[in-house]
Structure formats: C-alpha cells, structure tokens
J.: 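Take this structure, written in structure tokens, and hold onto it; I'll ask about it next.
Just so it is clear, the values below take in all heavy atoms, side chains as well, and ignore hydrogens, waters and symmetry mates. Note that ligands are numbered from 1 as they come in the structure, with each ligand's atoms numbered from 1 the same way. What you see is a predicted model; the values in this text were computed from it and never measured.
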Amino acid sequence: MTTVEILSGDVADQTPAVDDEERAVDVLGIGFGPANLSLAIAIEERNAVLAPDRRTTACFVESKDGFGWHDGMLLPGSTMQISFLKDLVSQRSPTSTYSFLNYLHQRHRLTDFINLKTFFPTRREFHDYLSWAAERVSAPVRYGTTAARIEWSGSVFEVDVATAGGARETIRARDIVVGTGIRPVLPTGIAPGPRVFHNHRLLERLSGLRVRRRARFVVVGAGQSAAEVAAYLHDRYPEAEVHASLRKFGYMPADDTPYANRIFDPESVDEFFTAPAHLRRVLLDHHRLTNYGAVDAELIEDLYRREYRERTEGTRRLFIHRVTEVSSIEEGEHGAVVALRDIGGRGETLVDADAVVFATGFRPWSVRELLGTSIPADEAYDTAEPIVSRDYRLKLDGIPGRIFLNGGVEHSHGLTSSLLSNLAPRATEILRAVLEGDRVPVR
Ligand SMILES: Cc1cc2nc3c(=O)[nH]c(=O)nc-3n(C[C@H](O)[C@H](O)[C@H](O)COP(=O)(O)OP(=O)(O)OC[C@H]3O[C@@H](n4cnc5c(N)ncnc54)[C@H](O)[C@@H]3O)c2cc1C
C-alpha cells in the first residue's frame, strides 16, 4: 500500500494530474469514539514494524470538537461496567503501551490503583485514559467534522464531510470503517425542551438550568443511567425532591455473573454469528439484563436505603413511582408539569417539576443514512438491519469498495456490538479484513 496524502475537494481540484486512487487514504474512520480509537491504535502498532511503503494510511473524522466519551454522564463516583482489562488494547496485545495499566503508570498511580482492589475504575478515570490514548495516537483525527454522505466514484469512496464552520469537503478513501456509536432516544411524542431532555447531556444541561431551592425533578427510566441520575440529583440538590418513574415494579439488577458474562467473550461472537436467526433472538432476550434496563445491585440497595431512611425520618425527597409512564408534559419557562400515569389505569400523579430527565436509552446510528445514490444500499439491508459478514463488512454487491461496521451490529454479532468489551479483538478482525491479501500478520 502506498502512503498518500488526504486532500480536500478544493485542493484536489487544483491538482488534475493526480487520480482519485492516488489521492485516497487507505482507511477513513467515521466517528472517533473508543471503537475507532482502538482501530487507530491497531493500525499504528502494525505500521510501526513496517517499511513506510507498506504502511496503512488512515484518517478519522469526528463530529465533536475534541475527544469525549459520554461526558454528559461523567457523574462523580460512577464506575465502569466492565473490567479495565477490557481496555483499548489488552485483549489484542497485552504488551501494548496503550493499555490502561500503562496509562496508570504514566500518571504515577499504578500502585495506588492496585490498593483499590478493583477491576472497575470510575468512568471519569476511564475517560481520562481514553483521552490520553486519543492524544497519543498518531493517526490524523479531524474533530468538529461530520461525515454527511458516502459515494462511490468508480475507484474509491468519496465522503462528503461538513466542518463545524459549515465548510464542505471531500475525503477519498479505499475503505471506510464506520464507528458512529449510539444516539439518544426519547419516547415517541416527547418534545425536548430546555427543561425536558435526555440524560446523555445531563451535566451540561443542568449547568445552564435555573431551579428552585426546593427543586423537583422527574427521572424517567429503569436502567443504570436512570438510577445513576436519580441518585446524582438527590445528592447534588440536597433539598430537592426526585421522582423516578419506572414502567417496571422495581429496578432490576444487572447480571454480571461469570457464566452470563461469557456472552461478552470475543469467542462468543463466532457462536452468536453462526447461530440461526431465531436462536440469536432468543439469546439476546435471555441475556438482555446483562446490559439493558438493568442496574448495579449496589446502586439499587443504595437508593432503597435512602428512601427507607427518609420514611423513618419523615422527610421524603426520593419517590419511586413504579408501574408508571409519562402521559403528558406541559413545559413552561420555569418548569414542566408532568403527569405520571399508572399503567394499569389506576390514576395519575401530577408533578410540578423543574426539569424532566429521560434516561430512556440509545440506539445505534444507522449507516444507511450516510449512503449516497451510488451505493447499492437496498441489497445491504434486511429491512432495518445491515447485512454484515463475520469480518464486519457491509454487503455491497455492486461495488468493490468495502465499508466495515465497527459497532451497530448487535443483531448479527451479539451484545458486545455497542459496548467496550470486545473493542480490541474487533479492531484486529477489521484491520485483518482491510489488509486481506497482505502477507504481514496483524498482531
Ligand atoms: C453513560 C454511558 C456509560 C457507558 N458505560 C459503559 C461501560 O461501562 N462499559 C461498556 O462496555 N459500555 C458502556 N457504555 C456503552 C457505550 O456505547 C460504549 O462505552 C462506547 O461508547 C462505544 O464506543 P463507540 O466508539 O462504538 O461509540 P461512541 O462512544 O458513541 O462514539 C461514536 C463517535 O462517533 C461520532 N459520530 C457519530 N456520527 C458521526 C458522523 N456522521 N461523523 C463523524 N462523527 C460521528 C460521535 O460523535 C461519537 O464520538 C456506556 C454508554 C453510556 C451512554
């Protein structure tokens, strides 16, 4: 593979002697969250042992202005849901300098961390680890740049990108790896507003919000984020009431016992991928509580103890409204009146809230929205789901170009698809597929 420059459309127009292929980068990564960061490291570490003319050229575009990992939810004390050993590299290459352990070493905290006796660092610390890795990695990352459309020129992909300033450019690439992650979901019919918002940007939204001294909050949802938000608001506003609305009877504990956890093993991807469609659906249903709509048991106990203590002291601030859903919201300048309806039709509770936080989950970005008219998208999808081979390659029958999906393939590759658990092995598999035919092995 040749080392090539990445040129914008404007510059490219002034260089007619260079053809599309020469102007193309080998890999364009769309999105620069942990998934494509892990890939960027795999490319860098492989390039390090190769002569310059054998190296893979890569470039990444990221909508955000700088690196960030769900920073709106970096609540104090909230911890990782997976072992730090499932970092960006260790399951691919335990000796990589991009490991969490090396990060700790560089920050002079390795021994102190060992004394914590935990596999689960805080999310703030893990965010710092990811940011440290993103800063170190050599691949060019264009922050504040959003991929808007992918077209096939006949020999390479041409990706139309928009910068934060509104400028449009074209980046040419032989292969594309889409790592666009997840986007927040509000229930149908809920209109977001200054006081009605998804938890994804919680810290940012709260910092700009004026609330009463004895504020009142409604938190909708029964998963880990919903429970964390309820606990956080209860702590941060010591005089506020927090009303949690759950469709369930109570928060359900996340199953992180070892046999269930095997669903996140790299080897399980094979087993899941080769299973017939009905078995995949059954497995996802069985193991839903390892990841979705489930809460750390410790946090459930903590919330229960708070509520119980308040009952004994006669000063209620935390209210869990079970088997309820939001039936209406009227948002005004200073607050929002929320109706919480019993799902069994047994009445309604009105809460005059300062803010309503919907911790109602996420869904993957759809790659289909990026595919332009020159890409045969119809064959690449089975109704809403992308058809993807074991090596994460989107089925594109009409063109030789390859688009890999680094995430967003839970239906075919299993629960790790939207998580950190399998990032490092997946990066290896994608890079190996990118290099198909190349004799230099990927570590
Ligand atoms: C609060 C919270 C806590 C979590 N904790 C854990 C945990 O402990 N363990 C775990 O395994 N998982 C956890 N997850 C799941 C989470 O999905 C993964 O941690 C991780 O973010 C997946 O990485 P990713 O790179 O696939 O996606 P993301 O982190 O979502 O990154 C995708 C990136 O792509 C960018 N992007 C999207 N579209 C475009 C575009 N068109 N052009 C350019 N850039 C684009 C986005 O801005 C984003 O930065 C958590 C999720 C949340 C919300």
J.: Got a sec, which residues hit salt bridge (Lys or Arg N to Asp or Glu O under 4.0 Å) with Asp382, two or more places apart in sequence or on another chain?
T.: none

J.: Identify the closest protein heavy atom to atom 34 (O) of ligand 1: which residue and atom is it, and at what distance?
T.: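 Protein heavy atom with the smallest distance to atom 34 (O) of ligand 1: Gly31 CA, 3.3 Å.
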
J.: Give the atoms of ligand 1, by number and element, whose distance to some non-hydrogen atom of Val61 is under 4.0 Å.
T.: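 Answer for ligand 1: 43 (C), 44 (N).
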
J.: Looking at Ile182, which atoms of ligand 1 are within less than 4.0 Å of one of its heavy atoms?
T.: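 Atoms satisfying the 4.0 Å criterion: 17 (O), 30 (O).
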
J.: Regarding Ser153 and Glu158, is there a side-chain donor-to-acceptor distance under 3.5 Å anywhere?
T.: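 Short answer, no.
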
J.: Please determine whether a side-chain nitrogen of the Lys or Arg among Arg142 and Glu169 lies less than 4.0 Å from a carboxylate oxygen of the Asp or Glu.
T.: yes

J.: On a heavy-atom basis, I'd like to know which of Glu62, Gln81, Arg426, Arg149 is closest to atom 7 (C) of ligand 1.
T.: Gln81

J.: Would you tell me which option among Met73, Gln224, Glu369, His70 has the nearest heavy-atom contact to atom 21 (O) of ligand 1?
T.: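 Answer by nearest heavy atom: His70.
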
J.: Does any N or O of ligand 1 fall below 3.5 Å from an N or O anywhere on Ala147, backbone included?
T.: yes

J.: Which atoms of ligand 1 have any heavy atom of Ser418 under 4.0 Å away?
T.: 15 (C), 16 (C), 17 (O), 18 (C), 22 (C)

J.: With a 4.0 Å cut-off on N to O distance, would you call Arg124 and Asp128 a salt bridge?
T.: no

J.: Say whether Lys64, considering both its backbone and side-chain N or O atoms, lies within less than 3.5 Å of an N or O atom on ligand 1.
T.: yes

J.: Is there a side-chain contact between Val218 and Val357, using heavy atoms and a 4.5 Å cut-off?
T.: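 Not touching, per the 4.5 Å side-chain cut-off.
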
J.: Based purely on interatomic distance, does Ala35 place a nitrogen or oxygen under 3.5 Å from a nitrogen or oxygen of ligand 1?
T.: yes

J.: Which ligand 1 atoms, with their elements, are less than 4.0 angstrom from a heavy-atom of Gly179?
T.: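 Listed by number with element: 32 (C), 33 (C), 34 (O).
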
J.: Measuring to protein heavy atoms, does anything land under 4.0 Å from atom 41 (N) of ligand 1?
T.: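 Neighbour list for atom 41 (N) of ligand 1 includes protein heavy atoms (cut-off 4.0 Å).
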
J.: Give the residue and atom name of whichever protein heavy atom lies nearest to atom 12 (N) of ligand 1, and the separation in Å to one decimal.
T.: Leu419 CD2, 3.5 Å

J.: Might you work through the side-chain contact (heavy atoms from CB on, under 4.5 Å) test for Asn199 and Met73, ending with a clear yes or no?
T.: CA-CA 7 Å; Asn199 71 288; Met73 277 293 287; 3.3 Å; yes

J.: With backbone taken as N, CA, C and O and side chain as the heavy atoms from C-beta onward, which portion of Met80 lies under 4.0 Å from ligand 1: side chain, backbone, both, or neither?
T.: both

J.: Given the rule in the salt bridge (charged side-chain N to carboxylate O under 4.0 Å, His left out) test, do Asp71 and Lys64 qualify, once you have shown the distances and angles that lead to the verdict?
T.: CA-CA 11 Å; Asp71 23 14; Lys64 289 183 198 136; 5.1 Å; no

J.: Please determine which of Val282, Thr290, Leu284 meets the side chain to side chain contact (heavy atoms under 4.5 Å, CB included) test together with His286.
T.: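 The passing option is Val282.
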
J.: Looking at non-hydrogen atoms alone, which of Ser63, Ser78, Gly68 comes nearest to atom 36 (N) of ligand 1?
T.: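 Among Ser63, Ser78, Gly68, the closest heavy atom to atom 36 (N) of ligand 1 comes from Ser63.
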
J.: If you measure every N or O of Thr79 against every N or O of ligand 1, does any of those distances drop under 3.5 Å?
T.: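 Between Thr79 and ligand 1, no N or O pair is found under 3.5 Å apart.
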
J.: For atom 31 (O) of ligand 1, which protein heavy atom lies nearest, and how many Å away is it?
T.: Gly33 CA, 3.4 Å

J.: Considering only the protein, which heavy-atom contact is closest to atom 38 (N) of ligand 1, and what is its distance?
T.: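 Ranked first by proximity to atom 38 (N) of ligand 1 is Thr180 CG2, 3.3 Å.
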
J.: Could you check whether Thr416 and Ser421, counting side-chain N and O atoms only, form a donor-acceptor pair closer than 3.5 Å?
T.: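 Note: Ser421 and Thr416 side chains miss the donor-acceptor criterion.
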
J.: Would you say Ile30 has any N or O atom under 3.5 Å from an N or O of ligand 1, going by distance alone?
T.: no

J.: Checking the N or O distance criterion of under 3.5 Å, is ligand 1 in contact with His200?
T.: no

J.: Which ligand 1 atoms, with their elements, are less than 4.0 angstrom from a heavy-atom of Phe362?
T.: 53 (C)

J.: Report the residue from Phe60, Phe32, Phe67, Trp132 that forms a side chain to side chain contact (heavy atoms under 4.5 Å, CB included) with Val137.
T.: Phe32

J.: With nothing but distance in play, are any N or O atoms of Asn406 less than 3.5 Å from an N or O of ligand 1?
T.: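 Min N/O separation from ligand 1 is not below 3.5 Å for Asn406.
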
J.: Apply side chain to side chain donor-acceptor pair (under 3.5 Å) to the pair Ser138 and Glu44, showing each step before the final yes or no.
T.: CA-CA 7 Å; Ser138 57; Glu44 176 182 299; 2.8 Å; yes

J.: Assign the ring pair Phe273 / His413 to parallel, tilted or perpendicular, where the plane angle (0 to 90°) is split at 30° and 60°.
T.: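 Tilted: the ring planes of Phe273 and His413 meet at 30° to 60°.
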
J.: Whether the Asn102 and Ser99 side chains hold a donor-acceptor pair (N or O, under 3.5 Å, no angle test) is what I'd like checked.
T.: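 Note: Asn102 and Ser99 side chains miss the donor-acceptor criterion.
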
J.: Tell me whether Ser225 has any N or O atom under 3.5 angstrom from an N or O of ligand 1.
T.: no

J.: Which residues pass the ring pair (Phe, Tyr, Trp, His ring centres under 6.0 Å) test with Phe217, not counting sequence neighbours?
T.: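 Residues passing ring pair (Phe, Tyr, Trp, His ring centres under 6.0 Å) with Phe217: Tyr237.
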
J.: Give the residue, atom name and distance (to 0.1 Å) of the protein heavy atom nearest atom 11 (O) of ligand 1.
T.: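 I find the closest protein heavy atom is Leu420 N, 2.8 Å.
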
J.: Among all protein non-hydrogen atoms, which one is nearest to atom 28 (P) of ligand 1, and what is the separation to 0.1 Å?
T.: Gly181 CA, 4.0 Å

J.: What residue and heavy atom of the protein are closest to atom 29 (O) of ligand 1, and at what distance?
T.: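 Scanning the protein heavy atoms, the shortest distance from atom 29 (O) of ligand 1 goes to Pro34 CD, 3.3 Å.
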
J.: Supply the atom-to-atom distance Glu45 CD to Arg92 CZ, rounded to the nearest 0.5 angstrom.
T.: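 Rounded to the nearest 0.5 Å, the CD-CZ separation comes out at 4.5 Å.
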
J.: Considering only the protein, which heavy-atom contact is closest to atom 4 (C) of ligand 1, and what is its distance?
T.: Trp69 CZ2, 4.1 Å

J.: Out of all atoms in ligand 1, which are within 4.0 Å of some heavy atom of Thr146? Include the element for each.
T.: 40 (C), 41 (N), 42 (N), 43 (C)

J.: Can you check whether Tyr129 reaches Phe84 side chain to side chain, under 4.5 Å on heavy atoms?
T.: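 No, every pair of side-chain atoms sits at 4.5 Å or beyond.
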
J.: Considering the heavy atoms of Thr145, write down every atom of ligand 1 situated less than 4.0 Å from one of them.
T.: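 By the 4.0 Å cutoff, the relevant atoms are 43 (C).
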
